[in-house]
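First the proteins, then the strands, lettered A, B, ... as listed; each starts at 1.
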Amino acid sequence: MKIYKDFYTSPDVVQIARNLIGKYLFVKSEGIVCGGYITESEAYQGPTDRASHAYNNRRTNRTEVMFYEGGRTYVYLCYGIHSMLNIVTGPKDIPHAVLIRGFMPTTGLEAIKKRIGVNNPSAKNFNGPGKLTKALGINAVHNNLDLSGNEIWLEDRGLKLKGKKIIAGPRIGVDYAKEDALLPYRFVLK
DNA sequence: CGGCCGATCCACT
DNA sequence: GTGGATCGGCCGA
């Protein structure tokens with residue numbers, strides 16, 4: 001059920017990003033466990049990807065966690081407002097990561113509704129990386145956590161994607177990455 | 001130390 | 001389709 005090490009340590013971050021669609025993400029925040037299945041992801045291919053924080057093996061305090069062995073979280077603040085949740089993947093010293101961009105809640109709905117201030121939420125309330133972290137109560141304290149722990153983890157519950165397809169396309173908001181901006185590293189469940 | 005800017009979202013028009 | 005909110009990381013001086 002729970003996803004363990006070898007899923008994360010594969011060197012093919014694009015394949016991992018695709019495989020994360022339909023997997024379940026759980027987060028314990030303020031003592032409450034919330035979660036759901038992932039509907040959108042983006043791969044960031046470390047050293048060779050201009051859109052990655054770790055492009056050209058750029059190694060700083062912030063990016064250090066990306067160089068760990070796969071299976072940890074990388075959470076950072078964007079635009080001074082939004083926390084972004086990434087899953088670090090690949091072998092040690094290969095700084096790949098997958099940005100988790102959207103999900104569909106199945107657990108802890110009451111706490112989620114309270115956090116986002118919406119009584120009858122629909123898919124559009126969970127279709128962006130900032131919305132996801134707000135709904136699940138993810139922030140900087142969730143950075144650099146081991147996914148084999150009980151604060152944040154993923155599960156394979158054998159979700160059947162019947163009648164739905166995983167669509168690949170270019171990533172969002174990475175125009176500055178030049179030719180790498182066109183790579184089909186974004187996956188969306190349709 | 002100063003300045004730039006981003007893996008976003010929402011409320012406008 | 002546009003702009004404002006808002007702040008830590010990063011780089012160059």
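With centroids closer than 5.5 Å and planes inclined by less than 30 degrees as the test, Y176(A) and the base of dG6(B) fail to qualify as a stacked pair.
Along DNA chain C, the stretch of nucleotides lying under 4.0 Å from any heavy atom of chain A spans, 5' to 3', dA5(C) to dC11(C).
Atoms CE and CZ, on M66(A) and R72(A) in that order, are 14.0 Å from each other to the nearest 0.5 Å. Between the CH2 atom of W153(A) and the CG atom of D146(A) there is a distance of 13.0 Å, given to the nearest 0.5 Å.
Annotation for E30(A): atom CD does not count as buried by contact number, only 12 or fewer foreign heavy atoms lying within 6.0 Å. Around the NZ atom of K2(A), the shell of radius 6.0 Å holds more than 12 heavy atoms that belong to other residues, nucleotides or ligands. The local environment of NZ in K5(A) is crowded, with over 12 non-hydrogen atoms from other residues, nucleotides or ligands closer than 6.0 Å.
Summarising the geometry, the separation between CG on D180(A) and P on dA7(B) is reported as 13 Å, rounded to the nearest angstrom. The distance between atom CZ of R186(A) and atom C1' of dA7(B), rounded to the nearest whole Å, is 11 Å. We find that OH of Y44(A) is positioned 13 Å from P of dG6(B), with the value rounded to whole Å. Atom CZ of R58(A) is separated from atom C1' of dG6(B) by 11 Å (rounded to the nearest Å). Put simply, CG on N143(A) is 15 Å from C1' on dA7(B), counting in whole angstrom units.
Pairing of dA13(C), defined by two Watson-Crick or G-U wobble distances under 3.5 Å, is not identified with any nucleotide.
Spacing between dT6(C) and dG2(B) at atom P, rounded to whole Å, works out to 22 Å. Nucleotides dA7(B) and dG1(C), compared at atom P, are 22 Å apart to the nearest Å.
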Per-nucleotide protein contact along nucleotides 8-13 of chain B, 5' to 3', at a 4.0 Å heavy-atom cut-off (B base, S sugar-phosphate only, - neither), is BSS---
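Shown are I112(A), V33(A), I152(A), I116(A); of these, the side chain to side chain contact (heavy atoms under 4.5 Å, CB included) with L136(A) is made only by I112(A).
Within the nucleic acid shown, R171(A) has no heavy atom closer than 4.0 Å to any nucleic acid atom.
Using modelled atom types, one finds no donor on one side chain facing an acceptor on the other under 3.5 Å when comparing N19(A) with K23(A).
In summary, E40(A) and R101(A) engage in a salt bridge, as defined by a charged side-chain N under 4.0 Å from a carboxylate O.
The aromatic ring centres of Y44(A) and H53(A) sit 6.0 Å or more apart.
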